[in-house]
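Working notes for the structure below.
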Amino acid sequence: MRRLLLSGHLKFQRSSHLSLSLLRFFHVQSAISVQTDALSQFPCSSDQWSVGDPLDDFISILKNPAKTLPVHSYVSSLHCVALKAGFTENVQVGTGILNLYSKCSALDHVRKMFDELSQRNILTWTILLSACVLRGEHELGLSLFKCMLVDGVLPNCFTLATAFKCCAKNSSLRVGKSIHGWIFRNDIENDIILQNSIINFYAKHDAFGYARKVFELMPERDAVSWNSIIGVHVQLGDMTAAMDLFRASPSKDVSSWNTFINGQMENKFDQTALELLHLMVKIGPLFDQYTFSIALALSAKLALLDLGKQIHCKLLRLGFENDAFVKNSMINMYSKCGEVETSLIIFSNRVQSPNLSQLSPSFMGKLGNTISWSTLIAGYVHKGFTEEALALFSRMLNEGAPADAFTLTSIAAACADAGIFQQGRQIHACIEKLGHGVDVFLASAVIDMYAKCGSLDDARKVFEGMECTNIVFWTSMIASYALYGEGREAIDVFQMLLEKRIMPNKISFVVILSACSHAGLVEEGYKYFKMMQKDHGIVPTIEHFNCMVDLLGRQGLLDEAKNFICEHNLRHHSLVWKTLISACRVHGDFEAAIWASEKLVEIEPHEAGSYVLLSNIYATKRDWAKVSRTDLVLHDLEEEQREVILQHHSEKLAIAYGIISTPCGSPLRIMKNLRVCGDCHEAIKYVTQATDREIVLRDAYRFHHFKHGICTCRDYW
DNA sequence: TTAGGGTTAG
């Protein structure tokens, strides 16, 4: 249709009115390449005009709001037309083009044009500041705002709102406060938009009292005001107040619902978010693209595939399937809910930009090309499809998409899962080269990757090379030590964390308790279990309780472990019984093992695993003395047979192959999917002594780091 | 004013 119109247009190119109408049509349709083609046919010399005033028509095109943000190539073509036709002397044309450059984030062009302007007024200054905000240049925006005041130009509400946007995005609480004071003192007209931006500015700087005050003093409020103040309480985590405000808001529009539902998710009230979403369908406004993104994110988080599919149908009916955000949320939802193939299909049909290099960064962001890659890769890693994720990553690089910090984090996690040290190291080099080394998410993932690939030293180097107060970053290092049974080192790092007044979370405590357990540090374990509740107000969950049962059980304090289960009313948790049974077996307490297994069968009468455990214990009883020596190998074999089989255990074979195929003295890293047996563990100790090599063995649960005849697990695992 | 992708344990 557009092509047809364009070819028709070429026949009548001498008619300026027809040219302009077509141009406007293409602009509204936002067909980028066609617009530019149409512009190239635009009659430029005055003798080509048949009727009417071309200047007026041109100005009306500049002011005509397009459905989407203007594209840079289209605006520069318009600019060329204006130059050729001699329109640029006109103030409205100059301002119009400046505004379009600003909207497509072409800050360089805006600054150049602004510098060349003969007359600067409040409008041109405001356009310049908006361009800075759109481009994320908030510091520059503020310094230009100050230049404007020095020039004696009095700001209006729009300019001030833009200045507050700059202050909200950087560390300018002081500057923003002084502008607010100036508005008060000079009795400047203060409209709703400006007041909303002031609320938002205070909220971004955690100055919630001020935000609330501005809201309360507003003579009139719109949906944005209400949403902003609801957002303040969401940020504070005060969801009761947020709920009251949401109910009280007289202007509940679709964005109010979005803000509130999203706030519930941010505060981990996913069930409430789900209920509100149902309520919105019943009594609320129609969904917009934000609602769809939020709803899909919620389905992904709760792994509710059916709900996700219903939302998919709904968005198809309402025509939101081409929105880049929504599409990306769909890719995420399908992969997190286990339908990786569907997410791949949606990914393959995603919006492709005509020419990425010509577009501004914000426009590229809106098209979502890089983001879709990282979402898809994250989905594959999440589902454990490590090889596929790595293959997608190299395809992504081949297709010229940049490796951003998000993608690299997922790839580092993939290397950790697969325990592939060499690839992990290459990824780390790539991260440093691209300048992503300072990203805290990425650094945490790299620590975890090195630890899980068998190099605790490299993990430690990354940790020590960065000053950081992020709790996940610290927990990653503590978990790495715990994984290797280095309980004392784990405790040292945990103490450093407390000294720096970084707040440990519930996972940090699971990690430190498990470190104490693996290192047999009972007293310290009790200390942290109490500290967690008393000093940090963290209510212990089954994971914490289980660590304590494990800690006591491993040390042979079986009665204490039993009492702990009873005292804390953990009888209905199968996990603690399994832990206790394992400890009873290690310490050869058959009676206690039977007792615990019977408890387990009571709780899980339909679980085959419970009966297998129980029957194993009965089987063990037949020859307990023998089993206590060989319990980790095979129960019913003759001694000679056993010796032959033990020689072929995969870790021994791997080590033998490693020794003959690598340089003397280099470390060996071995991975296996089962727990190491006692015989292999003993043998490896001798091998490290005889060959003077370090051997790192990753089994199903943890690492064994052998050096000079000693293992970090101290023979306890 | 509100939206999508990343890290730690078990």
Side-chain angles (χ1 to χ4, degrees), chain A residues 168 192-193 196-197 199-200 203-204 222-232 234 251 253-263 265-266 287-298 300 320 323-333 335-336 343 365-366 368 370-379 381-382 404-414 416 436 439-449 451-452 470-480 482-483 504-515 541-547 550 575 579 701:
Chain A
I192 288 196
I193 293 175
N196 289 342
S197 63
I199 295 178
N200 183 42
K204 287 274 155 54
D222 64 3
V224 177
S225 330
W226 283 94
N227 295 343
S228 304
I229 203 68
I230 291 171
V232 164
V234 164
S251 41
D253 64 359
V254 61
S255 60
S256 312
W257 286 86
N258 293 341
T259 309
F260 193 51
I261 294 174
N262 190 49
M265 275 171 73
E266 271 178 25
F287 283 21
D288 67 1
Q289 68 270 41
Y290 286 80
T291 327
F292 281 118
S293 272
I294 294 165
L296 288 165
L298 185 62
F320 282 98
D323 182 280
F325 265 73
V326 172
K327 200 163 256 191
N328 200 52
S329 305
M330 280 198 282
I331 295 172
N332 183 45
M333 183 278 291
S335 64
K336 293 279 163 67
S343 67
K366 285 190 189 339
T370 317
I371 298 176
S372 302
W373 279 107
S374 81
T375 307
L376 191 68
I377 290 173
V381 175
H382 184 80
D404 66 1
F406 284 86
T407 319
L408 287 164
T409 307
S410 296
I411 291 298
H436 292 308
D439 185 299
V440 64
F441 278 74
L442 203 32
S444 313
V446 170
I447 292 174
D448 184 54
M449 180 273 290
K452 287 184 179 155
N470 176 285
I471 185 58
V472 178
F473 176 80
W474 283 77
T475 308
S476 301
M477 190 66 237
I478 299 167
S480 301
L483 205 56
N505 61 22
K506 62 177 192 176
I507 297 177
S508 322
F509 279 103
V510 172
V511 169
I512 193 67
L513 290 176
S514 118
T541 60
I542 182 62
E543 286 85 3
H544 301 106
F545 287 125
N546 192 52
C547 282
D550 191 52
L575 184 63
T579 304
Y701 296 98

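What you are looking at is a predicted structure, and each value in this text was computed from that prediction instead of being measured. Here is how names work: the chains are called A, B, and so on, in the same order as the sequence lines, proteins then strands, and each is numbered from 1.
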Worksheet entry | Distance-only donor-acceptor check, side chains A/Asp404 and A/Thr407, under 3.5 Å | yes

Worksheet item: Rounded to the nearest Å, what distance is computed from the CG atom of residue A/Leu408 to the P atom of nucleotide B/dG6?
Response: 14 Å

Worksheet entry | Length of the line joining A/Met449:CE and B/dG6:P, which is rounded to integer Å | 19 Å

Item to complete: Could you tell me whether A/Ile507 contacts a base, only the sugar-phosphate backbone, or nothing, with contacts defined as non-hydrogen atoms closer than 4.0 Å?
Response: base

Discussion item. Once you apply a heavy-atom cut-off of 4.0 Å, does A/Val511 come out as touching a base, just sugar-phosphate, or nothing?
Written reply: sugar-phosphate

Discussion item. Measuring to OP1 and OP2 of B/dT1, would you say a side-chain N or O of A/Ser225 lies under 4.0 angstrom away?
Written reply: no

Discussion item. Check this for me: does the side-chain of A/Ser444 come within 3.5 Å of the base of B/dT7 through a donor and an acceptor?
Written reply: yes

Fill in: Closest to side chain of A/Phe325, choosing from B/dA3, B/dG6, B/dT8
B/dA3

Fill in: Nearest-Å distance for atom pair CG/P, residues A/Asp439 and B/dG6
13 Å

Worksheet entry | A/Asp222 backbone acceptor or donor facing A/Ser225 side chain under 3.5 Å | yes

Worksheet item: Within the structure shown, what part of the strands sits under 4.0 Å from A/Asn200 by heavy-atom distance: base, sugar-phosphate, or nothing?
Response: sugar-phosphate

Practice prompt. Report which part of the nucleic acid A/Ala405 touches: base, sugar-phosphate, or nothing (heavy-atom distance under 4.0 Å, all strands).
Written response: base

Discussion item. By the 4.0 Å heavy-atom rule, please label A/Thr475 as base, sugar-phosphate, or nothing.
Written reply: base

Worksheet item: So, A/Ser256 versus A/Asp253: side-chain donor-acceptor pair below 3.5 Å or not?
Response: yes

Discussion item. I'd like to know if A/Ser293 reaches the base of B/dG4 with its side chain, counting only an N/O donor and acceptor under 3.5 Å.
Written reply: no

Worksheet item: Under 4.0 Å between a side-chain N/O of A/Lys327 and OP1 or OP2 of B/dA3, yes or no?
Response: no

Worksheet item: Distance check: side-chain N/O of A/Lys336 vs OP1/OP2 of B/dG4, anything under 4.0 Å?
Response: no

Discussion item. When you compare the side chains of A/Thr579 and A/Asp550, does any donor N or O come within less than 3.5 Å of an acceptor on the partner?
Written reply: no

Item to complete: Tell me which nucleotide among B/dT1, B/dG5, B/dT8 gets nearest to the side chain of A/Ser476.
Response: B/dT8

Practice prompt. When you get a sec, tell me which of B/dG6, B/dA3, B/dG5 is the closest nucleotide to the side chain of A/Ser374?
Written response: B/dG5

Practice prompt. Might you work through the side-chain hydrogen bond (donor to acceptor under 3.5 Å, both in side chains) test for A/Asn200 and A/Ser197, ending with a clear yes or no?
Written response: CA-CA 5 Å; A/Asn200 183 42; A/Ser197 63; over 6 Å; no

Worksheet item: Using a cut-off of less than 4.0 Å, is there contact between a side-chain N or O of A/Asn258 and OP1 or OP2 of B/dA3?
Response: no

Fill in: Rounded interatomic separation in angstrom, taking CG from A/Leu483 and P from B/dA9
8 Å

Fill in: Rounded distance (Å) that lies between atom C1' of B/dA9 and atom CZ of A/Phe545
16 Å

Response to the item:
A/Leu442 CG to B/dT7 P, in whole Å, measures 11 Å

Worksheet item: Between A/Asn262 and B/dA3, is there a side-chain N or O to OP1/OP2 distance below 4.0 Å?
Response: yes

Worksheet entry | Between P of B/dA9 and CE of A/Met477, the distance in whole Å | 13 Å

Worksheet item: Considering only side-chain heavy atoms of A/Thr259, which listed nucleotide, B/dA3, B/dT1, B/dT7, is closest?
Response: B/dT1

Discussion item. Counting only side-chain heavy atoms from C-beta out, which of B/dG4, B/dG6, B/dG10 sits nearest to A/Ser514?
Written reply: B/dG10

Fill in: N/O donor-acceptor pair under 3.5 Å between A/Asn227 side chain and A/Ala223 backbone
yes

Item to complete: Answer yes or no: is there a donor N or O on one side and an acceptor on the other, between the side chain of A/His436 and the main chain of A/Thr409, under 3.5 Å?
Response: no

Worksheet item: What about A/Asp404, does its side chain sit under 3.5 Å from the base of B/dG6 through a donor-acceptor pair?
Response: no

Worksheet item: With respect to the phosphate group of B/dG10, does any side-chain polar atom (N or O) of A/Asn546 fall under 4.0 Å of OP1 or OP2?
Response: no

Practice prompt. Starting from P on B/dG6, measure out to CD1 on A/Ile331 and report it in whole angstrom.
Written response: 13 Å

Discussion item. Does A/Ser255 reach a base, just sugar-phosphate, or nothing at all? Heavy atoms under 4.0 Å.
Written reply: base

Discussion item. Can you tell me which nucleotide in B/dG6, B/dA9, B/dT1 comes closest to the side chain of A/Val510?
Written reply: B/dA9

